[in-house]
Amino acid sequence: MKVAKEWRLGSMGDTKILPGSRHRSPLKRPIWIILMVSFVSLFLVCAYIYPPNSDVACYVFSSRGCKVLTDWLPPPKRELTDEEIISRVVVRDILDTPPVESKNPKIAFMFLTPGSLPFEKLWDMFFRGNEGRFSVYIHASKEKPVHVSPYFLNREIHSSPVTWGAFSMVDAERRLLAYALKDPDNQHFVLLSDSCIPLHNFDYVYNYLMHANMSFIDCFVDPGPHGNGRYSTRMLPEVEEKDFRKGAQWFTMRRQHALLVMADSLYYSRFRDYCRPFADGKNCIADEHYLPTFFNLVDPGGIANWSVTRVDWSERKWHPKSYRAQDVTEIAFSLNLWNGHMKLEVIFNGNFGQYSFSC
């Protein structure tokens, strides 16, 4: 039988006896860890459900007060307003309803212009030979246009004055959509101005838009003063700053999305009341924010987040760059006969492969 021996270190007067083996309670430390984690978890849950209401209680956690907790914990879900519930029901029903099949699908070309269209002859050549595949609508906000093309005769809708940068621009867009939606064959809707021209022939534009399963609406986050800097907290709770978006005014959209714009009253009213020039000391331009924010909220996966309309903002001014005669090369503008049809090509210096129009 073996007996545990004592270990003797140093001299006889400095003797330490070390045991042959040590025994440690394996469960003691894990139990304390489990109890500590459980206590902290319970404490955080209680603090989340029943947040401290007094500054004294807040400073128990941090010298920054309750903000340290609210920054760390996820935001509690709020109850939807009655208007939001109604809006979501309408949006869901419209998106879930199968599109009405048309035997003669058309593109609605909607012109937002102060008066006559300076490029009407150009559009006449673009439309020629494609009768029955397009519709034209004109919103003339200042004077009755003088037309030179039969495709534009008697195509004016009831119009109202439009001021640049004001919410009347959004109202004019909705008015154009409303008139264009009256024709059940219109399946895609294109917003254009008096300065827009086509960059490809009609067949290219028609096939590109009709075969797309999305709307081409510009939508992006702009953290600067001309983006999120225009946001007003008065849009809460329906529109939060994290959902606020910006984009160019020009769009092309599917019929279902056009119906959504017509059905919207909730977000429309928020932008009408709180996104306008010089409101709350900010210069909010509604036509750059309403549709991008609206579709980011109701159907973000249904839009391309970019537009098929070329607009050059490189000059960093309030208005995009205007193309002059020197910007067009001798071969950039040509009309060619191809298989007996007029083929229109309008291309400025630069690459416009993904664009259908230029404004």
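Start at 1 with the first residue, then count along the sequence. Note that the coordinates shown come from a computational prediction; the quantities given were computed from them, not determined experimentally.
- Residues F111 and F152 place their aromatic rings such that the two centres sit under 6.0 Å apart.
- A ring-centre distance under 6.0 Å is found for F127 and W123.
- Put simply, the residue from Q256, E101, M210 that forms a side-chain contact (heavy atoms from CB on, under 4.5 Å) with Q187 is M210.
- Under the side chain to side chain donor-acceptor pair (under 3.5 Å) criterion, S102 pairs with D185, not counting sequence neighbours.
- Screening residues 103-205 for disulfide (SG to SG under 2.5 Å), with sequence neighbours left out, gives C196-C359.
- Checked for salt-bridge contact, D124 and R128 meet the test: a charged N lies under 4.0 Å from a carboxylate O.
- A side-chain donor from one of N186 and Y137 sits under 3.5 Å from a side-chain acceptor of the other.
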Q: Using the side chain to side chain contact (heavy atoms under 4.5 Å, CB included) rule, take I217 and N305 through it: C-alpha gap first, then chi angles, then the decisive distance, then the call.
A: CA-CA 5 Å; I217 298 172; N305 294 327; over 6 Å; no

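- Legend: ring pair (Phe, Tyr, Trp, His ring centres under 6.0 Å) pairs involving residues 241-262, not counting sequence neighbours, sorted by first then second residue: Y231-F244, F244-H289, H257-F295.
- Every residue was checked against the side chain to side chain donor-acceptor pair (under 3.5 Å) condition with D194, not counting sequence neighbours, and none meets it.
- Annotation: cation-pi geometry not satisfied between R255 and F189 (NZ/CZ under 6.0 angstrom from ring centroid, within 45° of ring axis).
- Annotation: E131, atom CD; neighbour count of heavy atoms from other residues, nucleotides and ligands within 6.0 Å is above 12.
- The shortest heavy-atom contact between H147 and L153 is CB-CD2, 3.8 Å.
- Judged by distance alone, the side chains of Y290 and D264 do bring a donor and an acceptor atom under 3.5 Å apart.
- Scanning for salt bridge (Lys or Arg N to Asp or Glu O under 4.0 Å) contacts around R272 gives an empty result, with sequence neighbours left out.
- Using cut-offs of 30° and 60° for the angle between ring planes, the F109 and F134 rings count as perpendicular.
- For the residue pair G227 and K246, the shortest heavy atom distance occurs at CA-CD, 4.3 Å.
- At least one side-chain heavy atom of F294 sits less than 4.5 Å from a side-chain heavy atom of L260.
- Counting heavy atoms from C-beta outward, L199 and S356 have side chains that stay 4.5 Å or more apart.
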Side-chain donor-acceptor pairs of residues 85-98 under 3.5 Å, sequence neighbours excluded:
from	atom 1	to	atom 2	distance (Å)
T97	OG1	D93	O	2.5

